[in-house]
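One structure is given below, encoded as structure tokens.
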Amino acid sequence: MSVLKPDSKTRISLYYAIALFLGLNIPFADSQQLQTDGVSEHVYGGLPSSNNLSIRSAYVLDYNSARKAPWWVAYRLDNNYRRTPKRTGKWKTYRNDPDRTDEPSENDYSGVYSDPIRNYARGHLAPYMICGGDRDGDGMILDADRDGKVEEGDDIDEAITVKEINYHTNLTPQHHNAFNGSGGTWYQIENRVRVLQEEHGEVWVLAGPIFGPSTYDEIGNGVQVAPMFFQIIVWEKLDEPHWEAYMLPHHQKAHQSIEEHRVSIRHIEAMTGLDFFPDLALSEKERISTY
DNA sequence: CTGGGATGC
DNA sequence: GCATCCCAG
């Protein structure tokens, strides 16, 4: 990744047009439109790819139909969005994505958790803990401190944010006890996201699977299991972007220190074919080769 | 809806 | 004890 491509300006305009088009079709029940478009809200430095974009209230993803998994998921996180309703009742229910017909389903996950070798749980790529806050700017949120029921003073408009976080398009099979659950490397990265957000106020995260040219494991009706995952956490300090990038082996002994899995962003580009931060200036872009 | 497993503060 | 990631019945 040495130079910006000559056509990058044209490409950015195209992305923006797509984003605007999709953004205008976000199904916010009775709510106001978001004040900012979803791409600039959630994706730092430009889209890594744009095959089948879904622009949601709390995140943006590009869906890979062939593997039934996202290419990547992006979200911005601040204190506001951390005010998440308690994950109970209808707020914890996994849902079909109304905009897709080729996503993983409930049945695809049948039996794979109890299988001691697989032990796959539905791992959120954009995690549940980011789906809170006052997104429509009306001064109300879904209350995080009570019991999950909608009560007087709660903002039911924000329910869509929670529903979307639980769409099957945002979930991939992940080893539960070894990887996704507490102590696993994925869980530790999510803790790192929390720490960096508290330290810097806001962070941007890119997360996704890493597939090779072949397949690793498959569940249900063609839902491919990723052999590795990546996460990139970005924050700004004195208007300069900083980041930590991780490449995580997805296996049954995934409890190592996350520090062992630090890589450059260029490593992740090489393994995924994605182009991270295409809008950043060349001087910033060059830094992705190092960390 | 209430039960559980696992880890880490 | 608290929290978080999940699951089963």
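Chain naming here is simple, since letters A, B, ... match the order of the sequence lines and numbering starts at 1 in each.
A distance of 6.5 Å separates CD of A:E202 from CD of A:E236, quoted to the nearest 0.5 Å.
The OH atom of A:Y187 sits 17 Å away from the P atom of B:dG5 (whole-angstrom rounding). Atom-to-atom, CD of A:Q188 to P of B:dG8 comes out at 7 Å; the value is rounded to the nearest Å. Going from atom CG of A:N119 over to atom P of C:dA8 covers 10 Å, rounded to whole Å. Here the P atom of nucleotide C:dC7 and the CG atom of A:D115 are 14 Å apart, to the nearest Å. Atom pair A:W91:CH2 and B:dC1:C1' shows a separation of 17 Å (rounding to whole Å applied). Between the C1' atom of C:dC5 and the CG atom of A:L171 lies a distance of 13 Å, rounded to the nearest Å. If you take CZ of A:R192 and P of B:dC9, they are 14 Å apart, rounded to a whole angstrom. Nucleotide C:dC5 holds its C1' atom 9 Å from the OH atom of A:Y94, rounded to whole Å.
Inter-residue side-chain proximity for A:K253 and A:F179 is flagged as unmet; no heavy-atom pair is nearer than 4.5 Å.
Closest heavy-atom contact between A:H124 and A:Y94: CE1-CE2, 3.9 Å. Residue A:Q174 comes nearest to A:H250 through the heavy atom pair CA-NE2, 3.2 Å, listed as atom of the first residue, atom of the second, then distance.
For the pair A:D99 and A:R56, the salt-bridge criterion is met [side-chain N within less than 4.0 Å of a carboxylate O].
Relative to the side chain of A:N177, the nucleotides B:dA6, C:dT4, C:dC6 differ in distance, and B:dA6 lies closest. The side chain of A:S114 approaches C:dA8 more closely than any other nucleotide in the set C:dC6, C:dC5, C:dA8. Across C:dC7, C:dC5, B:dT7, the shortest atom-to-atom separation from the side chain of A:Y113 is found for C:dC7.
Contact check, A:R87 against C:dA3: no side-chain N or O comes under 4.0 Å of OP1 or OP2. Side-chain nitrogen and oxygen atoms of A:R122 include none within less than 4.0 Å of the OP1 or OP2 phosphate oxygen of C:dC6. Residue A:H255 has no polar side-chain atom (N or O) positioned under 4.0 Å from OP1 or OP2 of B:dA6.
As judged by a 4.0 angstrom heavy-atom cut-off over every strand, A:G184 is placed among residues making no nucleic acid contact. Nucleic acid contact class of A:Q174 (heavy atoms, under 4.0 Å, all strands): none.
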